[in-house]
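Okay, structure first, notes after.
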Amino acid sequence: MITTAVVPAAGMGTRMLPATKAVPKELLPIVERPALQLIVDEAVGAGVDHLVIVTSRSKPAIEQYFAPDAAVEESLQRQGRGAVADQLRRYGNDIRVSFAFQDRPLGLGHAVACARDAVGDRPFFVMLPDELMSDSSLLAGLTRVLDDTGVGAVALKRMPRTELSRYGIVSPVGEARVVSGLDALPFVGVVEKPAVDDAPSDLAIIGRYALTPDIFDDLDALTPGSTGELQLTDALAAQAAREPLWGVVSTVGRRDIGSPLGWLQAVVEAAADHDEHGAAFREWLKDEVRRRN
Ligand code: G1P
């Protein structure tokens, strides 16, 4: 059972400027819930009880989001909005949140390394908050594969050729197998954002990792690549070269909210499925689409 998840959230969010000039991209709303809350819910659903958020001191709103706010809760109570007050309280109680700070943009590998003390010596998840998953089953599947194999497991998705250079791409060995009821495949290498013609496969890492703590030694041994950043992918490649790691081909719904179009799709999808506003929103959307055709 993995109970700790690291969420790297120190990035500048430049693809969502100017919105992210004052609001961290992780707090942009997906209807009324910040994207980061959806990550928390996914983690809690997979049994996580400790979240380590790697953030930057220039984004204090992230810490503020997790701080209890008695004044807001009381005022909600007075307005007869006790359910919202309860929800805010629950958000704080579901999970212990600690913070690690990455004050220099030295890459994803460096961000994960910053969480070392908070994680300790047990397997942990890394969850990239740019990617939203429709439920917790992918994390649960990664845990099962790590338990079964004793080595790290990452979530994968087959991507069209044109998108391969945006991701870490794995080099699978042998055939996919069923591990704990999931399609899983071992891989011996992984390259970060290869040119299309150099991509070793069409299997891309999609932002969910179940890692063994020895990854921290591999992260410490990294030297910065051409961009000056330390890549998590390079530490995974070092591990996979010693003993194959495992990829789990994801079947859950996924949205990349790091770009305006992806964020918009996530918002529209969440609005269409919304308990309270979904029906009215779908009606409105149908009319709007008709009017524009
Ligand atoms: C990061 C990782 C990459 C992975 C991707 C998934 O890249 O470095 O290996 O495939 O996330 O979203 P980024 O999107 O941060 O550039």
Side-chain angles (χ1 to χ4, degrees), residues 5-17 20 24-26 28 35-36 38-39 42 53-56 102 104-115 125-134 138-139 142 152-172 185 187-196 198-211 215 218-219 222 224-240 245-250 252-263 265-266:
V6 173
V7 180
M12 311 261 285
T14 47
R15 286 190 292 168
M16 291 294 275
L17 280 168
T20 46
K25 67 173 174 178
E26 297 80 10
L28 292 178
L36 188 53
L38 302 183
I39 297 288
E42 182 192 341
I53 301 184
V54 183
T55 182
S56 130
Q102 183 192 27
R104 285 178 304 156
L106 295 180
L108 179 59
H110 179 249
V112 173
C114 290
F125 293 124
V126 173
M127 302 173 72
L128 304 190
D130 268 359
E131 308 229 18
L132 297 183
M133 304 299 167
S134 57
L138 184 55
L139 289 182
L142 292 176
V154 302
L156 299 175
K157 192 169 164 54
R158 288 194 191 280
M159 293 286 174
R161 262 175 76 78
T162 49
E163 293 192 27
L164 298 179
S165 56
R166 291 176 41 203
Y167 295 95
I169 308 293
V170 303
S171 316
L185 44 91
F187 62 90
V188 282
V190 47
V191 274
E192 181 67 9
K193 303 190 174 74
V196 173
D198 300 334
S201 73
D202 63 349
L203 288 161
I205 298 183
I206 53 163
R208 297 293 181 272
Y209 311 73
L211 301 176
I215 191 85
D218 290 297
L219 287 168
L222 290 181
S226 55
T227 56
E229 296 189 351
L230 299 177
Q231 298 295 349
L232 177 58
T233 298
D234 292 340
L236 290 172
Q239 284 196 316
L245 299 178
W246 287 80
V248 173
V249 183
S250 168
V252 303
R254 160 183 175 268
R255 293 281 170 212
D256 175 357
I257 56 166
S259 72
L261 180 62
W263 175 78
Q265 288 168 339

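Order of listing sets the numbers, starting from 1, for every ligand and every atom in it. All of these numbers come straight from a predicted model, not from anything done at the bench.
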The complete set of salt bridge (Lys or Arg N to Asp or Glu O under 4.0 Å) pairs with one or both residues in residues 200-209, sequence neighbours excluded, reads E42-R208, R158-D202
Side-chain polar contacts of residues 229-240 - donor-acceptor pairs under 3.5 angstrom, sequence neighbours left out - could you list them?
residue : atom : partner : partner atom : Å
T233    : OG1  : E192    : OE1          : 2.5
Q239    : NE2  : D214    : OD1          : 3.3
Q239    : NE2  : D214    : OD2          : 3.4

Heavy atoms only: give me the nearest L142-F125 pair and the separation to one decimal. CB-CE2, 4.5 Å
Would you tabulate the polar-atom pairs, meaning N/O of ligand 1 against N/O of the protein, with distances under 3.5 Å, reported to 0.1 Å?
residue  : atom   : partner : partner atom : Å
ligand 1 : 7 (O)  : K193    : NZ           : 3.2
ligand 1 : 8 (O)  : E192    : OE1          : 3.3
ligand 1 : 8 (O)  : E192    : OE2          : 2.6
ligand 1 : 9 (O)  : G168    : N            : 3.1
ligand 1 : 9 (O)  : E192    : OE1          : 2.7
ligand 1 : 9 (O)  : T233    : OG1          : 3.3
ligand 1 : 10 (O) : G168    : N            : 2.9
ligand 1 : 10 (O) : I205    : O            : 2.7
ligand 1 : 12 (O) : E131    : OE2          : 2.4
ligand 1 : 16 (O) : K193    : NZ           : 2.7

Side chain to side chain, I206 and L156, heavy atoms closer than 4.5 Å: no
Going by side-chain hydrogen bond (donor to acceptor under 3.5 Å, both in side chains), name the residues that satisfy it together with Y167, two or more places apart in sequence or in a different chain. R254
So do the side chains of V170 and I205 get within less than 4.5 Å of each other, counting heavy atoms only? yes
